[in-house]
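The structure under discussion appears below in the form of structure tokens.
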Amino acid sequence: MAEGIAFLKRNCICGVLGMDYVGREVILNGWVNRRRDHGGLIFVDLRDRSGIVQVVFDPSHAPEAHAIAQEVRTEYVLAVRGIVRKRPAGTENPELPTGEVEVVAREAEVLNPSETPPFSHQDRTQTDEFIRLKYRYLDLRSPRMQANLELRHLAAQTVRAFLTEEGFWEVETPILFKPTPEGARDYLVPSRVSPGNFYALPQSPQTLKQLLMVAGVEKYFQLARCLRDEDLRADRQPEHTQIDMEMSFVEPDDIFDVVERMLQRLFQETIGAELKIPFERITYAEALRRFGTDKPDMRFPLELVDLTDLVANSQFQVFSRTVASGGQVKGINAKDCACYTRSQLDNLTDFAKQHKAQGLVWLLVKEGPVLESPVAKFLSEEEQAGLIERFQARPGDLLLIVADQPAIVAESLDWLRREMARRMGLIQPGAWKPLWVVEFPMFAWNEEEKRWEAEHHPFCMPHPDDLDLLDTDPGRVRAQSYDLVINGVELASGSIRIHRRDIQQKIFDLLGITPEEAEKRFGFLLKAFEYGAPPHGGIAPGFDRLVMMLAGEENIREVIAFPKTQRAQCLMSGAPCEADPQALRELHIKVELPPQE
RNA sequence: GGGGCUGUAGCUCAGUCGGUUUCAGAGUGCCGGCCUGUCAAGCCGGAGGUCGCGGGUUCGAGUCCCGUCAGCCCCGCCA
């Protein structure tokens with residue numbers, strides 16, 4: 001081997017060292033995690049991916065190695081040859097997995113020095129994310145990020161192993177493709193050899209996986225990168241990974257079954273958590289009625305109670321007028337919260353108003369039970385008794401009521417319900433409550449554009465009982481679609497697809513997609529469906545969100561090696577950046593920016 | 001496209017009412033010295049700042065106002 005390249009190569013890793021290694025000579029390679037210079041003895045905590053071990057440099061035993069240890073600094077890459085020995089009595093470090101032993105250095109070699117790092121994961125402070133992202137390769141050295149990367153890897157391997165056992169094939173689909181029918185903005189890639197034409201980066205492999213069903217693959221999956229040019233959030237990146245799945249000859253139950261067992265195994269093998277299967281199921285309509293949202297957090301009760309009929313003729317006009325104008329009156333019972341102070345109640349009212357409610361009616365349940373509230377005098381005895389009964393209220397409870405149009409009642413009470421669960425400490429740490437939400441509406445009415453839109457996507461199969469409604473009342477058509485919600489987070493979305501040309505045509509008609517447009521956008525798919533498309537369906541659990549959940553992270557960036565900022569930039573590399581003029585010429589692209597001040 | 005929070009030393013932050021012996025400060029890191037059992041080593045010393053950037057108000061701005069840039073959170077959008 002050439003001079004300067006040969007080095008003291010490791011034959012052991014740091015994290016495994018323990019009493020069973022005592023007396024052995026090992027060679028370790030790693031980074032200087034910390035150095036403690038006592039003038040005579042120097043201690044170096046050497047770190048590799050597996051962990052940290054203390055190396056002792058003693059000038060009286062190995063002066064040359066000691067001299068090198070004097071020169072090294074944090075994050076230097078170091079090779080050490082030495083003897084593992086039990087630490088002297090009283091100097092063991094119980095905080096460190098390898099803390100019973102240490103390595104007495106005989107020889108050391110600096111494999112590479114390091115600049116002083118701009119920040120250290122050993123600081124007790126939390127480094128600003130801007131700095132972490134700029135030096136992401138340093139940030140990824142932290143135990144937290146290493147653990148997240150490993151967890152993500154383990155999750156991917158578990159999913160692959162499980163689906164392989166179930167007979168799925170992993171098929172890679174192209175990244176350069178056509179716009180997908182998902183409704184988000186596409187990332188476009190210009191074609192050099194076909195001037196003026198563009199690829200779209202896939203928002204999902206939706207059409208391709210359906211083609212794989214036509215192709216007879218029967219069970220497909222892919223850890224698929226999905227790209228959408230939309231604004232970012234704590235749980236949204238421009239590129240994310242889905243466990244994309246599709247199966248032939250299935251009904252929703254078949255898909256639920258395989259996903260439930262997959263997640264059960266995934267939670268078990270990554271974090272040792274037990275998911276009970278089958279998961280609970282409710283319809284979209286029921287979710288909205290009971291929780292005000294299509295992704296309810298089932299870790300706590302606080303269900304919405306409907307009072308609309310009870311107060312329809314109330315003297316309290318906030319209630320009766322709302323009902324008369326087609327609105328609803330609903331509320332939640334916050335058990336044992338009647339002790340809330342006036343300022344706490346005002347604070348809750350503000351919270352409800354921030355989430356679109358016009359106001360919040362609160363009633364304290366006192367001994368009797370009787371209701372205490374500024375509005376109590378407007379409520380008849382029957383109404384008060386009815387409220388107490390309907391809320392199953394007991395002295396000490398706090399009733400929170402919103403009267404408004406149904407959508408606003410749902411939204412504000414959903415927020416209020418989650419906020420009260422937080423304030424009341426109703427969420428048990430480590431609780432997992434998966435839930436299938438089924439039978440989403442097929443269409444949503446776009447008021448601005450005065451037309452129907454697909455709630456999921458246009459290849460979603462309508463509920464068999466609702467096929468007639470396609471002609472008469474599209475708004476009531478339920479889709480054979482389903483979401484998987486865990487702890488209030490939407491984790492997967494899927495459906496049974498349309499494999500019959502006549503139904504597909506009807507859907508396109510309703511969505512206002514002309515035959516010409518359908519031909520242009522998905523002609524390749526429709527054509528394929530004419531050659532014996534099997535009944536099929538699928539689902540796509542969001543892999544980043546899953547890992548985020550398993551890792552207990554609040555932010556998707558913590559489980560992605562090189563994430564982007566909210567402005568979709570990579571602070572480390574500076575992407576996106578200007579293109580080379582020559583490259584633009586070859587692509588026949590002229591950049592025209594808005595005038596600058 | 002909109003709302004909110006943040007921006008002061010490499011990093012994490014304090015900086016009160018606009019001034020005066022707190023106005024360029026602390027901890028940590030860094031550099032140097034001492035130190036043979038530390039593990040957040042210790043002790044002594046030192047260097048280090050365009051207070052994000054631009055403009056304005058004022059006798060005087062880290063501090064007040066306007067604009068702008070960047071990061072984060074949220075709404076819209078989207079999964």
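Residue numbers begin at 1 in each chain, while the letters A, B, ... track the order of the sequences.
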Pick the [atom1] atom in [N] and in [M], then give their distance to the nearest Å.
N: B:rA14; M: B:rG33; atom1: P; answer: 35 Å
N: B:rG10; M: B:rC30; atom1: P; answer: 14 Å
N: B:rG18; M: B:rC69; atom1: C1'; answer: 26 Å
N: B:rC66; M: B:rG19; atom1: C1'; answer: 24 Å
N: B:rU58; M: B:rU12; atom1: P; answer: 37 Å
N: B:rC44; M: B:rU6; atom1: P; answer: 37 Å
N: B:rG76; M: B:rG2; atom1: C1'; answer: 8 Å
N: B:rU63; M: B:rC17; atom1: C1'; answer: 10 Å

| task | Only pairs at least two apart or in different chains count here, so list each ring pair (Phe, Tyr, Trp, His ring centres under 6.0 Å) that has a residue in residues 37-60 of chain A. | result |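 Output for this query lists A:H38-A:F43.
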Contact class for [X] vs. all strands (heavy atom < 4.0 Å): base, sugar-phosphate, or nothing?
X: A:E115; value: nothing
X: A:Q126; value: sugar-phosphate
X: A:R233; value: base
X: A:Q566; value: base
X: A:R557; value: sugar-phosphate
X: A:L232; value: nothing

| Would you say A:T565 reaches B:rG71's phosphate, i.e. side-chain N/O to OP1/OP2 under 4.0 Å? |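 For A:T565, the contact criterion (side-chain N or O under 4.0 Å from OP1 or OP2 of B:rG71) is met.
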Length of the [atom1]-[atom2] vector between [X] and [N], whole Å:
X: A:L17; N: B:rC39; atom1: CG; atom2: P; value: 21 Å
X: A:I42; N: B:rG42; atom1: CD1; atom2: C1'; value: 15 Å
X: A:D235; N: B:rC74; atom1: CG; atom2: C1'; value: 11 Å
X: A:L96; N: B:rA40; atom1: CG; atom2: C1'; value: 14 Å
X: A:R185; N: B:rC77; atom1: CZ; atom2: P; value: 12 Å
X: A:I52; N: B:rA40; atom1: CD1; atom2: P; value: 11 Å
X: A:R47; N: B:rC39; atom1: CZ; atom2: C1'; value: 15 Å
X: A:E455; N: B:rC78; atom1: CD; atom2: C1'; value: 13 Å

Considering Watson-Crick and G-U wobble pairs with both distances under 3.5 Å, what does [N] pair with?
N: B:rG18; answer: none
N: B:rG45; answer: B:rC31
N: B:rA70; answer: B:rU6

| query | B:rG76 base to A:D231 side chain: any donor-acceptor pair below 3.5 Å? | reply |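 Flag set: donor-acceptor pair detected.
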| query | Of the nucleotides B:rA79, B:rG71, B:rC74, which one has an atom closest to the side chain of A:R545? | reply |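 Selected nucleotide (nearest to the side chain): B:rA79.
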| Taking the side chain of A:R236 as heavy atoms from C-beta outward, which of B:rC77, B:rC73, B:rG71 is closest to it? | B:rC77
| query | Reading nucleotides 29-38 of chain B 5' to 3', which nucleotides get B (base under 4.0 Å from a protein heavy atom), which S (sugar-phosphate only), which -? | reply | -SSS--BBBB
side-chain contact (heavy atoms from CB on, under 4.5 Å) partners of [X], counting only residues at least two apart:
X: A:D139; result: A:F119, A:R132, A:R136, A:S142, A:M145
X: A:V101; result: A:L17, A:M19, A:V22, A:V84
X: A:E64; result: none

| field | Nearest-nucleotide comparison on RNA chain B, the residue closer to the 5′ end among A:Q242 and A:N93 | value | A:N93
| task | Report the residue (A:F130 or A:E230) whose heavy-atom-nearest nucleotide on RNA chain B is the more 5′ of the two. | result |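 Comparing both residues, the 5'-ward one is A:F130.
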| Taking the six-membered ring for Trp, are A:Y284 and A:F440 parallel (under 30°), tilted (30 to 60°) or perpendicular (over 60°)? |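 A:Y284 and A:F440: tilted rings.
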| field | side chain to side chain contact (heavy atoms under 4.5 Å, CB included) assessment of A:V258 paired with A:M245 | value | CA-CA 10 Å; A:V258 72; A:M245 302 165 63; 3.9 Å; yes
| A:D186 (side chain) donor-acceptor with A:P179 (main chain) under 3.5 angstrom | no
| message | Keeping A:D544 on the side-chain end and A:I556 on the backbone end, is there a donor-acceptor pair under 3.5 Å? | response |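 Answer holds: no.
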| Has A:R418 got its NZ or CZ under 6.0 Å from the middle of the six-membered ring of A:W415, at an angle within 45 degrees of the ring axis? | yes
| query | Of all residues at least two apart in sequence or in a different chain, which pass the ring pair (Phe, Tyr, Trp, His ring centres under 6.0 Å) check with A:F162? | reply |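 Partners of A:F162 by the ring pair (Phe, Tyr, Trp, His ring centres under 6.0 Å) criterion come out as none, since no residue qualifies.
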